[in-house]
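Structure first, commentary second.
Whatever order the structure lists them in is the order used to number ligands and atoms, beginning at 1. Positions are given from 1 along the sequence.
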Amino acid sequence: MRIHNFNAGPSVLPKKVVKKSAQSIINFNGSGLSLLEISHRSIDFLEIIEKATFLIKRIMNLNDDYAILFLQGGATLQFSMVPYNLMNQTAAYLDTGFWAHNAIKEAKKFGKVKVLFSGKNKNYTYISTNYHIPCNMDYFHCTSNNTIVGTQMKIFPKTSIPIVCDMSSDIFSRTLDFCQFGLIYASAQKNISSAGMTIVIVKKNILETIRKNIPSYMDYKIHIQNNSILNTPNVFSIYTSMLTLKWIENKGGLSILEKNNQKKAQLLYDEIDKNNLFENKIHKENRSNMNVTFFLKEKHLEKEFNKMWKKENIVGLDGHRYLGGYRASIYNALPLKSIQFLIEIMKEFERKFS
Ligand SMILES: *Cc1c(COP(=O)(O)O)cnc(C)c1O
């Protein structure tokens, strides 16, 4: 039975990755041990970290100026770890959604935050490019994809200060010049692996200005020195992410995934725009290729629509609890077939009720 998994996170992973990961829980590399039973200091695990690091650098075209870390605490911990490490006085932030807003809230505990743009009074339905980044800020923080509302930054500003980006919900979904970023973080449960692990990609030289005495777990430099095993890491999630990274390369890398993702998103947005019963509220140039949000124009049809998709093995289509409506999260591993299936349901619904 095929389940169409539109969950926002934890979310759909490649079938092959899940299968291999499951086998490794029973018997890891023929060792007779479960992946859950191996030491995080064993050669086997060190090879996994090394391989994952190597693949991330190759996929993103990054050189050894960058360090790759596999941490815990989710993107949420990064909301405070970033200012703890990088903020001396003032940092610039974009307020483009609920997660961006939380990042700002945490940063304010460490210093001054200058919000260069806020989409809050327009319900975060667009992202301005019309702002100026003062060059005396410690860093500039943005969220590349706003998972809840369904917007995505298509271009990033040019600036001489480090750009810090929360890429939790669109990392590895498109090609970008990743060297323009000083620090990228992404929790694994959207497009990479299971929950409980966060990838941090940091340009080492931006850490040189730190003057503070930082608690060890919060200090990027200490994690770099310890190769992500300062304490016991999430072995399972790191292993599974390594499998996903291999899958990405086997698919042909980010340019191929980007094409697939654009196609999938375009099909769904086209249907929402054509269909008499649904609407998307995001400015067209900011529509996300990862999280497609839509609403019924007539709210009283909600019960009927919910009944219809829920009986068809579609899961995870409910909008975020803050917003209501619907959200189709269509990450890398979601097959085109699932999009086509959802579109058929939306068409059938239109035929019946409009
Ligand atoms: C999911 C998400 C987060 C929160 O991640 P946690 O791992 O739950 O801390 C932060 N930012 C974005 C953009 C997200 O999509």
Atom NZ of residue position Lys16 - does it have more than 12 heavy atoms of other residues, nucleotides or ligands inside 6.0 Å? no

Tell me: protein heavy atom nearest atom 5 (O) of ligand 1, and distance? Ser187 OG, 3.3 Å

Checking Lys57 against Tyr66: charged group under 6.0 Å from the ring centre and within 45 degrees of the axis? no

Closer than 4.0 Å to some heavy atom of Thr76 - which atoms of ligand 1 meet that? 6 (P), 9 (O)

Among Phe178, Phe181, Phe140, which one satisfies ring-ring contact (aromatic ring centres under 6.0 Å, His included) with Phe156? Phe181

I need the atoms of ligand 1 closer than 4.0 Å to a non-hydrogen atom of Ala75, numbered in the order shown. 3 (C), 4 (C), 5 (O), 6 (P), 7 (O), 9 (O), 10 (C)

Counting each atom of ligand 1 from 1 as listed, which ones have a heavy atom of Phe79 under 4.0 Å away? 10 (C)

Nitrogen or oxygen of Lys190 less than 3.5 angstrom from that of ligand 1: yes

Between the side chains of Glu304 and Lys352, is the shortest nitrogen-to-carboxylate-oxygen separation below 4.0 Å, so that they form an ion pair? no

Any chance the side chains of Asn280 and Arg287 put a donor and an acceptor closer than 3.5 Å? yes

Geometry only, no angles: is Asn145 polar-contacting ligand 1 at N/O separations under 3.5 Å? no

Atoms of ligand 1 under 4.0 Å from any heavy atom of Gly74, numbered from 1 in the order shown, are 7 (O), 9 (O)

Would you check whether Gln189 reaches within less than 4.0 Å of ligand 1, judged by its heavy atoms? yes

Geometric class of the Phe341/His4 ring pair [parallel <30°, tilted 30-60°, perpendicular >60°]: parallel

Asn332 and Ser173: side chain donor to acceptor below 3.5 Å: no

Students should be able to answer this: which protein heavy-atom is nearest to atom 11 (N) of ligand 1, and at what distance? Asp166 OD2, 2.7 Å

Only heavy atoms of Thr147, strictly under 4.0 Å: list the atoms of ligand 1 that pass. 12 (C), 13 (C), 14 (C), 15 (O)

